[in-house]
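Data first, discussion second: the structure below is written as structure tokens.
All chains are named by letter (A, B, ...) in the order of the sequence lines, taking the proteins before the strands, and each is independently numbered beginning at 1. Below, all heavy atoms of this structure are taken into account, side chains as well, without hydrogens, waters or symmetry copies.
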Amino acid sequence: MTLSATPGLPVRKARKARGPVRLVLERLGFLIAATFGVVTLSFLLVSVTPGDPARLIAGPMASNSQVEAISQELGLDKPILERYVDYMGGLLRGDLGESYYSKRPVATEILEKLPATLELIILAVLFAAMVGIAFGAIAAYFRGRAPDWISRLFTGVFQAIPDFFLGLLLIYVVFFLLGWAPAPAGQIGFTESTPPKVTGFIPIDALIAGDPALAGSALQHLALPVLTLGLVYAAYFAKTARATLGRALHSQQVFFARAMGLPERTVLRYALVESRTTIVTYAGVIFASLLGGEAIVERVFAWDGLGAWALQGILRLDVPVVQGMVLIAGAITLITYTLLDIVVGLLDPRISHA
Amino acid sequence: MNAQSEELALEVRNLAVSIKTPHGVVHPVKGVDLTVHKGEIVGIVGESGCGKSTTIKGLLRLLPANSTVTADKAQLAGYGDLLATPVRRMREVRGAKIGFVAQNPFGSLNPIYKIERQFYELQKAHKTKVSRKESREIALRMLDGVGIVNPARVLDGYAHQLSGGMAQRVVIALATTLSPQLLIADEPTTGLDATVQAQILDLISGFVHQEGRSMVLVTHDLGVIAQYCQRVVVMYDGQVVEHGSVMDVMVEPQHPYTQRLIASVPKPGEKLDVSR
């Protein structure tokens with residue numbers, strides 16, 4: 001069977017994939033391009049910022065020739081374009097360079113530190129979303145009445161407190177005064193040792209190693225940092241949920257739902273499904289901003305994660321570490337946003353059918 | 001054409017609404033009387049902000065919590081006094097005893113749920129037991145009844161996939177699914193084009209002319225009143241300024257506001273008084 005009715009006319013092929021597949025492909029293409037942009041930008045920014053890493057490594061007593069030797073060893077004496085080509089070449093092979101101080105591959109260090117940070121921010125975002133949306137929903141539903149005032153008071157307070165300060169406050173009250181939480185000494189206690197690494201997430205690894213007591217201890221150590229970040233970001237969630245749900249509750253579709261005699265919980269659900277894409281988007285944005293944004297909280301709790309590691313790298317002008325952090329944070333952010341686009345497309349028929 | 005009787009469907013005496021605002025108490029509706037006989041379409045006409053919609057929302061008890069509705073009487077035939085019913089129990093009335101059709105059909109439908117789901121939620125809310133299958137069959141019948149050609153496809157789709165006229169037909173189907181004896185339509189054709197307007201109004205008035213049903217039609221279109229209503233209530237600044245049969249009010253308007261309102265309707269062949 002020939003498809004072309006008119007001789008000489010090329011057969012038309014379907015040029016584009018459709019629906020969700022097309023969405024994913026488009027997003028993936030964008031992801032790769034954006035990652036390239038992030039890497040280039042981070043390389044340039046770190047390279048042109050003032051301060052000489054070689055001099056910092058050599059210390060204040062070093063002579064100029066010593067500094068030059070270190071500079072040569074690190075390849076800092078080469079022109080910037082050559083360094084850029086070197087760096088991108090290494091990147092394609094999965095080589096992010098070596099830390100100036102620990103002399104270990106940056107990629108290895110990232111893989112070591114990432115699980116600790118991920119478990120912290122994933123749990124914090126989950127906690128914040130659950131508590132924040134509940135408070136925001138109550139405030140929106142009872143707008144202008146007592147529950148709204150109470151909810152907004154809490155929201156205002158937790159939004160005003162810096163997260164690290166709330167961390168210190170919680171350590172003082174919950175650990176020092178009440179003794180409910182373990183000492184803020186990292187993921188596990190001083191006397192405990194990390195379980196054999198399987199996933200990198202200590203509570204899960206401890207369970208795999210058949211040590212429920214250690215898993216319990218790891219979860220207890222997680223409680224305060226998660227609470228710190230969770231409470232602060234719950235306030236943001238509450239604020240967003242109150243605004244979007246409030247709008248949805250005053251929408252015509254909710255009025256019509258009531259006029260049809262639907263029960264209040266169904267009416268509330270009608271409002272929630274209308275506003276859920278906004279709230280899910282917000283969760284993604286918070287997750288991305290927490291990655292690296294929680295560095296000071298990691299410091300406060302001696303949490304051996306990516307944020308504290310990057311913070312140290314920045315203070316020591318450990319260029320490969322800083323670049324590695326920018327790259328991984330950028331990549332995870334872009335992946336989060338990509339997933340977000342897909343999830344929002346699935347949650348809202350108006351988008352996936354458009 | 002319609003079996004009009006002396007039996008009352010809705011009798012409202014001296015309905016007033018007051019709303020507490022930070023700037024003091026406002027009274028958007030001050031003593032409205034409204035009588036609807038069985039088989040009758042009563043029009044409420046008036047300019048924007050005259051209290052038409054607020055009266056309706058007050059009757060359905062759908063005003064925000066900072067407002068108070070009072071009336072000497074708000075008797076719904078076959079049920080009782082609407083204002084004497086606790087707000088909690090108003091749910092039994094809405095949808096089942098009084099059907100409501102709002103303006104802007106797109107806004108009325110839930111944007112996320114499929115149309116089928118919206119029929120199901122409505123029936124689940126009012127009946128003790130209804131299966132998805134029964135609900136779908138009823139929904140198919142209702143959509144067929146409002147002149148939708150491919151009901152199954154509409155049921156499996158979403159609100160944004162419908163045209164304005166189709167969406168309003170779906171809304172009417174929802175409002176009449178539980179066969180309420182009284183239908184309230186709040187400017188049901190605003191925003192629809194003229195031919196669709198006529199179709200929609202024919203459809204709703206057809207529903208009313210089935211035995212014993214009645215309707216309150218809120219509009220600012222005197223043409224619609226003249227064509228579809230038997231009696232009319234003219235509202236101005238929260239009060240009823242004139243009421244009576246459509247013929248009387250149209251031919252011999254008594255109140256100056258009604259006179260101006262009727263005079264403002266453009267007539268064919270009339271020269272427009274527009275300064276250039």
Side-chain angles (χ1 to χ4, degrees), chain A residues 18-20 137-149 151-152 241-242 244-281 343-354, chain B residues 20-22 53 56-57 59-66 87-115 117-127 156-161 170-171 174-178 180 184 186:
Chain A
R18 279 171 185 225
I138 290 168
Y141 193 81
F142 295 101
R143 177 167 283 206
R145 285 187 271 168
D148 184 22
W149 290 114
S151 165
R152 281 169 73 190
R242 180 178 181 268
T244 54
L245 251 182
R247 212 177 309 126
L249 279 168
H250 283 93
S251 72
Q252 230 196 328
Q253 65 111 345
V254 164
F255 181 83
F256 186 65
R258 285 204 173 106
M260 282 194 296
L262 301 188
E264 277 307 289
R265 62 191 143 78
T266 311
V267 170
L268 195 58
R269 181 154 51 76
Y270 269 49
L272 261 172
V273 294
E274 193 189 330
S275 50
R276 69 183 175 191
T277 47
T278 313
I279 296 171
V280 167
T281 306
V343 168
V344 166
L346 291 175
L347 283 180
D348 193 336
R350 285 168 297 185
I351 293 171
S352 59
H353 288 257
Chain B
K20 259 187 241 149
T21 71
S53 287
I56 298 308
K57 288 176 186 173
L59 270 179
L60 289 169
R61 312 278 292 276
L62 280 171
L63 288 169
N66 59 350
V87 178
R88 279 178 288 111
R89 296 194 52 202
M90 276 305 287
R91 204 168 77 64
E92 302 163 4
V93 178
R94 299 180 201 137
K97 309 274 184 210
I98 302 180
F100 181 79
V101 178
Q103 56 174 305
N104 182 9
F106 288 120
S108 299
L109 296 169
N110 184 294
I112 306 291
Y113 288 148
K114 286 183 178 165
I115 303 297
R117 172 103 186 240
Q118 300 183 43
F119 273 96
Y120 176 66
E121 296 280 359
L122 169 70
Q123 295 179 62
K124 204 176 66 172
H126 290 280
K127 297 174 188 170
D156 293 328
Y158 298 94
H160 71 275
Q161 295 165 325
V170 172
V171 169
L174 277 166
T176 53
T177 293
L178 301 166
I184 296 180
D186 189 359

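- Of the possible donor and acceptor atoms, one in the side chain of B:Arg91 sits under 3.5 Å from a partner among the backbone N and O of A:Gly261.
- At a 4.5 Å heavy-atom cutoff, B:Ala159 makes no contact with chain A through either its backbone or its side chain.
- Atom CG of A:Leu245 sits about 11.5 Å away from atom NE2 of A:His250, to the nearest 0.5 Å.
- Electrostatic pairing of A:Glu264 and A:Arg258 counts as a salt bridge here, judged by a charged N lying under 4.0 Å from a carboxylate O.
- Using a 30° and 60° split on the angle between ring planes, A:Tyr270 and B:Tyr113 fall in the perpendicular class, above 60°.
- Ranked by non-hydrogen atom pairs under 4.5 Å with chain A, the options B:Arg88, B:Arg61, B:Gln103 are led by B:Gln103.
- If you tally non-hydrogen atom pairs under 4.5 Å between each of B:Pro111, B:Gly95, B:Ala96, B:Pro180 and chain A, the highest count goes to B:Pro111.
- Looking at B:Val93, neither its backbone nor its side chain comes within 4.5 Å of chain A, counting heavy atoms on both sides.
- In this structure, chain B has no heavy atom under 4.5 Å from any part of A:Arg143.
- Heavy atoms closer than 4.5 Å to chain A are found in both the backbone and the side chain of B:Asn104.
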- Any chance you could lay out the side-chain hydrogen bond (donor to acceptor under 3.5 Å, both in side chains) test for B:Asn110 and A:Gln253, step after step, and finish with the verdict? CA-CA 6 Å; B:Asn110 184 294; A:Gln253 65 111 345; 3.2 Å; yes

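- B:Lys57 forms a cation-pi arrangement with A:Phe255, by the criterion of a distance under 6.0 Å to the ring centre and an angle within 45° of the ring axis.
- If you measure heavy-atom distances from A:Thr266 to chain B, the contacts under 4.5 Å come from the side chain alone.
- Interface remark: B:Phe106 contributes no atoms to any contact with chain A (heavy atom separation under 4.5 Å).
- Judged by distance alone, the side chain of B:Glu121 and the main-chain N or O of B:Gln118 form no donor-acceptor pair under 3.5 Å.
- Proximity to chain A (any heavy atom under 4.5 Å) is shown, for B:Glu92, by neither the backbone nor the side chain.
- The existence of a salt bridge linking A:Arg247 and A:Glu274 is excluded, since no basic side-chain nitrogen approaches an acidic carboxylate oxygen closer than 4.0 Å.
- Looking only at heavy-atom pairs under 4.5 Å with chain A, the residue among B:Val171, B:Ile184, B:Ile112 that has the most is B:Ile112.
- Annotation: maximal heavy-atom pairing with chain A below 4.5 Å, among B:Ala125, B:Ser108, B:Ala65, occurs at B:Ser108.
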